[in-house]
Trainee: 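Pasting in a structure now, in structure tokens, and then I'll have a few things to ask.
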Amino acid sequence: MFGIGNMYNKDIEKIFNEIALMLSLNETPTSKFEIRAYQKAAFTIGTLQEPIEDIYKRGGAKALMELPGIGKTIAMHIEEYIKTGKIKKYEELKRKYPINMSELTSLTGMGAKKAIVLYKQLGIKNIEDLKKAIEEHKIEKLEKFGERSEDLIRRGIEIYEKSKGRMLLGDVFPIADNIVEKLLSSGLIDKIMVAGSIRRMRETVGDLDILAISDKQTQVMDFFISLNNVDKIVSKGPTKTTVWLKDGLSCDLRVIEPKSFGAAVQYFTGSKEHNIELRQIAISKGYKLNEYGLFDKRGKNIGGSDEKSIYEQLGLQYIPPEMREGRGELELAKEHKIPKIVELSDIQGDLHTHTKETDGANTIEEMVNEAKKLHYKYVAITNHTKSLKVAHGMNDNQFEEFFARMNKIDFGNIKVLKGAEVDILENGSLDLKDKTLEEMDCVVAAIHSKFSMSEDEMTVRVIKAFETGLVNIFAHPTGRLIGMREPYKINIEKVAEAAERNNVVLEINSFPNRLDLNDSNILLLSKYNIKFSIDTDSHRTTHLYYMRLGVGMARRGWLTKDKIINTLEYNQLMKILKK
DNA sequence: GCCGTTTTCGGCCCGACTGTTTTCAGTCG
């Protein structure tokens, strides 16, 4: 599932996006829409829940054509790629423009047209070439480029290299909070809100979108660019100012009129795909929707101050930001069938945490106290087991001793569950004696070694572990680390089937670089009758606050409270955890 | 190139800001 198979999706998505970019170079009146068609097809493929070759194998080109935005021509391209590994149309365009288009256009301010000017004038094919040209100050001498362009491209490359364009959601939150706090402290702002992908809780964030109401536009913008976190001003106007932050992230501040605030919040929260669909619904009802409001046929403003009412006026149920990804949520909203998705306040405890005994930074007392501050009813302490030597994993005796010590501690008004994050060994057995595991309240099992097995081997390994009957929760099921490590190859659907049979709960790990399962995994598995647990995998007290990230993933995966075991009261939870 | 309870042809989301210019194309979200 996450192995070779999904690579086709990524490759084809990239190829279609590149075709779109290259088509934009010799734009004729009709090709503008051809460009859009390829972009739309790329989006569809990029968000598919299963390998595209599976769809093709199942129903051929006909099945492909049932996907949104994919017609005869594009289906043929996909077929060609699956059969030959190549797409003729792409190869031809590539011969004409032999440059790394997706890499170059990922730079801020760089689109296809500028990229091709650089190629034709200086032979620049990729970011490496571009870096050299900048060092030699060749860019500023080009027509249509100036000193400022060169400067912005230089900074764009730095940011690209630092973060490959996006930062982890968990890293961006504090940055956003800090800016909001400072802006509010200026006393110039009546209302402020962070929109964009951070509001939708995407696992990585490309930039910050902050919206504010103020009658002192110029002063607000001047205050904004004077913040000490601002590295460079990209653009500055009365309604929109863009800066680069020292953290390596770009940040937009928009000052909005009160009567347009809801429309702006809706618009800048996105996603782009959601908004396009929403505008089409507006058009079908004879309205026009933009970031200033909702307008009727005569251009009369009929809404916009309040985000919720925009959805209502379009005959739609309100859609939580995390669901706004163009994945069918608008159809549900039309039928008023948007599920009541889980909220952070539903969470009653954390079932995956570590202490000093292994690789945690805090004592059990410190961890439990912090959990109490969050008003949790319970917390499970789940230290590593002996095979994980780097984390000082404990053996059976050490667990016995640790649990004996726990028995003597008065934790007060919170239940502290005895547990472990037990390694699933290469052969699918668990890293502790059955007896030790049987005595625990909460056994979390995980893969920490031998990541490079084949998909079949890994799937069998995990299912074997489930079949011991001793596993409560399967932690970070795909093993990916965002920006660092690909998921191991595993058939996650077979794992879900086994989880269903063996009453194993799948984890939604909230750690910022894990977020595993992620939203697409969750949506893919929604057809199985399984439960999830949203845990932080905390290694210090501050990590307990990552819970909101995991809840964000769950919300993006449309999960309701009843699917998540750590929303239960203690007694109910223990029934589920019983072996 | 895709698509259809307005359509198998004629539509396809829309506005702000920039740079290098003298009226706008390119880029972004």
Side-chain angles (χ1 to χ4, degrees), chain A residues 16 19-21 23-25 27-44 64-78 89 104-118 139-153 156 165 195-200 205-211 217 221 233-243 250-256 260 263-264 266-295 326:
Chain A
F16 286 167
I19 289 177
L21 285 163
L23 285 175
S24 73
L25 293 169
E27 198 169 316
T28 59
T30 55
S31 74
K32 195 167 103 194
F33 299 103
E34 193 181 339
I35 292 164
R36 204 167 288 166
Y38 276 99
Q39 285 169 337
K40 196 164 182 232
F43 174 76
T44 295
L64 296 174
M65 285 169 69
E66 277 167 27
L67 298 168
I70 293 175
K72 197 170 176 190
T73 307
I74 289 185
M76 288 301 150
H77 288 333
I78 298 170
K89 185 183 177 94
L104 285 168
T105 54
S106 72
L107 299 175
T108 306
M110 180 77 63
K113 298 206 171 123
K114 281 192 183 172
I116 221 64
V117 170
L118 292 174
I139 307 290
E140 61 180 24
K141 298 184 188 80
L142 291 179
E143 216 176 299
K144 301 255 182 193
F145 287 82
E147 199 180 324
R148 206 172 143 69
S149 316
E150 184 170 296
D151 213 33
L152 286 172
I153 292 170
S197 50
I198 192 169
R199 184 166 179 239
R200 302 199 317 278
V205 175
D207 57 10
L208 283 179
D209 289 295
I210 302 177
L211 309 180
Q217 286 182 326
M221 293 311 189
I233 300 153
V234 179
S235 66
K236 181 169 177 279
T239 63
K240 181 195 171 192
T241 293
T242 303
V243 301
S250 94
C251 176
D252 286 356
L253 175 66
R254 291 164 207 272
V255 175
I256 315 286
S260 298
Q266 193 291 314
Y267 181 80
F268 290 109
T269 295
S271 66
K272 195 173 146 198
E273 289 73 23
H274 174 89
N275 285 356
I276 288 173
E277 276 188 59
L278 190 66
R279 282 183 184 210
Q280 278 160 353
I281 290 171
I283 290 168
S284 73
K285 294 192 179 296
Y287 298 142
K288 187 177 88 161
L289 178 66
N290 59 27
E291 59 263 53
Y292 297 104
L294 188 62
F295 301 89

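Chain letters run A, B, ... following the sequence lines, proteins first and then strands; every chain starts at 1. Note: hydrogens, waters and symmetry copies are ignored here, and every other heavy atom, side chains too, is used.
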Trainee: Mind checking the OH-CG spacing from A:Y267 to A:D209? Nearest 0.5 Å is all I need.
Mentor: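 Going from OH on A:Y267 over to CG on A:D209, the span is 10.5 Å.
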Trainee: Within the 4.0 Å heavy-atom criterion, would you say A:I70 contacts the bases, only the backbone, or no part of the nucleic acid?
Mentor: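 Sugar-phosphate: the residue A:I70, judged by heavy atoms under 4.0 Å, touches backbone atoms but no base.
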Trainee: Reckon A:N290 has a side-chain N or O less than 4.0 Å from the OP1 or OP2 of B:dG15?
Mentor: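 The answer is yes; a side-chain N or O of A:N290 sits under 4.0 Å from OP1 or OP2.
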Trainee: Please give the distance between the P atoms of B:dT18 and B:dT7 as a whole number of Å.
Mentor: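 Those two atoms are separated by 44 Å.
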Trainee: Is there a side-chain contact between A:T73 and the phosphate of B:dC2, meaning an N or O under 4.0 Å from OP1 or OP2?
Mentor: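 Checking B:dC2 against A:T73, a side-chain N or O does come within under 4.0 Å of OP1 or OP2.
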Trainee: Protein-nucleotides 22-29 of chain B N/O pairs closer than 3.5 Å?
Mentor:
unit_1	atom_1	unit_2	atom_2	d
B:dG26	OP2	A:K113	NZ	3.2
B:dT27	OP1	A:G111	N	3.0
B:dT27	OP1	A:G111	O	3.3
B:dT27	OP1	A:K114	N	2.9
B:dC28	OP1	A:L107	O	3.3
B:dC28	OP1	A:G109	N	2.7
B:dC28	OP1	A:M110	N	3.3
B:dG29	OP1	A:D207	OD2	3.0
B:dG29	N2	A:Y267	OH	2.6

Trainee: Would you list the protein and nucleotides 8-10 of chain B atom pairs, both N or O, that sit under 3.5 Å from each other?
Mentor:
none

Trainee: Within less than 4.0 Å of OP1 or OP2 of B:dC13, is there a side-chain N or O belonging to A:Q280?
Mentor: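 Yes, because at least one side-chain N or O of A:Q280 sits under 4.0 Å from OP1 or OP2 of B:dC13.
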Trainee: Say we look at B:dT5 and B:dG15: how far apart would their C1' atoms be, to the nearest angstrom?
Mentor: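 Roughly 32 Å separates the two C1' atoms.
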Trainee: Taking all atoms of both residues into account, what is the closest heavy-atom pair of A:S24 and A:K113, and its distance?
Mentor: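 Scanning both residues completely, I find the closest heavy atoms to be O-CE, 3.1 Å.
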Trainee: On a whole-Å scale, what distance lies between the C1' atoms belonging to B:dG11 and B:dT6?
Mentor: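 Here B:dG11 and B:dT6 have their C1' atoms 12 Å from each other.
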Trainee: Toward the 5' end of DNA chain B, which comes first, A:N275 or A:G69, by nearest nucleotide?
Mentor: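 Its nearest nucleotide lies further toward 5', so the answer is A:G69.
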Trainee: Taking the side chain from A:T44 and the backbone from A:P68, do they hold a donor-acceptor pair closer than 3.5 Å?
Mentor: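 Yes.
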Trainee: Taking A:K89 first and then A:E34, would you say they form a salt bridge - that is, a charged N and a carboxylate O separated by under 4.0 Å?
Mentor: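 Yes, A:K89 and A:E34 are salt-bridged.
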Trainee: Expressed as a whole number of Å, how far does the P atom of B:dA16 sit from that of B:dC9?
Mentor: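 That atom pair is separated by 37 Å.
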Trainee: Between B:dT18, B:dG1, B:dC14, which nucleotide has the shortest distance from any of its atoms to the side chain of A:S235?
Mentor: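 Between B:dT18, B:dG1, B:dC14, the one nearest the side chain of A:S235 would be B:dT18.
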Trainee: Look through every strand shown and name the nucleotide pairing with B:dT8 as Watson-Crick or G-U wobble, where both distances are under 3.5 Å.
Mentor: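 By the stated definition (distances under 3.5 Å), nothing pairs with B:dT8.
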Trainee: Return no unless some side-chain N or O of A:Y292 is found under 4.0 Å from OP1 or OP2 of B:dC14.
Mentor: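 So the side chain of A:Y292 is outside the cut-off, no N or O lying under 4.0 Å from OP1 or OP2 of B:dC14.
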Trainee: NA contact type, A:I19, heavy-atom cut-off 4.0 Å: base, sugar-phosphate, or nothing?
Mentor: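 No contact.
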Trainee: Roughly how many Å apart are B:dT8 and B:dG1, using the C1' atom of each and rounding to a whole number?
Mentor: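 Their C1' atoms lie roughly 15 Å apart.
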Trainee: Closest to the A:K288 side chain: B:dC14, B:dG1, B:dA16?
Mentor: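 The nucleotide sitting nearest to the side chain is B:dC14.
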Trainee: Please give the distance between the P atoms of B:dC13 and B:dC17 as a whole number of Å.
Mentor: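 It comes out at 23 Å once rounded to the nearest Å.
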Trainee: Both A:G237 and A:A75 contact DNA chain B. Which one's nearest nucleotide lies toward the 5' end?
Mentor: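 That would be A:A75.
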Trainee: Please work out if A:T239 contacts a base, only the sugar-phosphate, or nothing of the nucleic acid, heavy-atom cut-off 4.0 Å.
Mentor: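 Counting heavy atoms under 4.0 Å across all strands, the contact made by A:T239 is with sugar-phosphate only.
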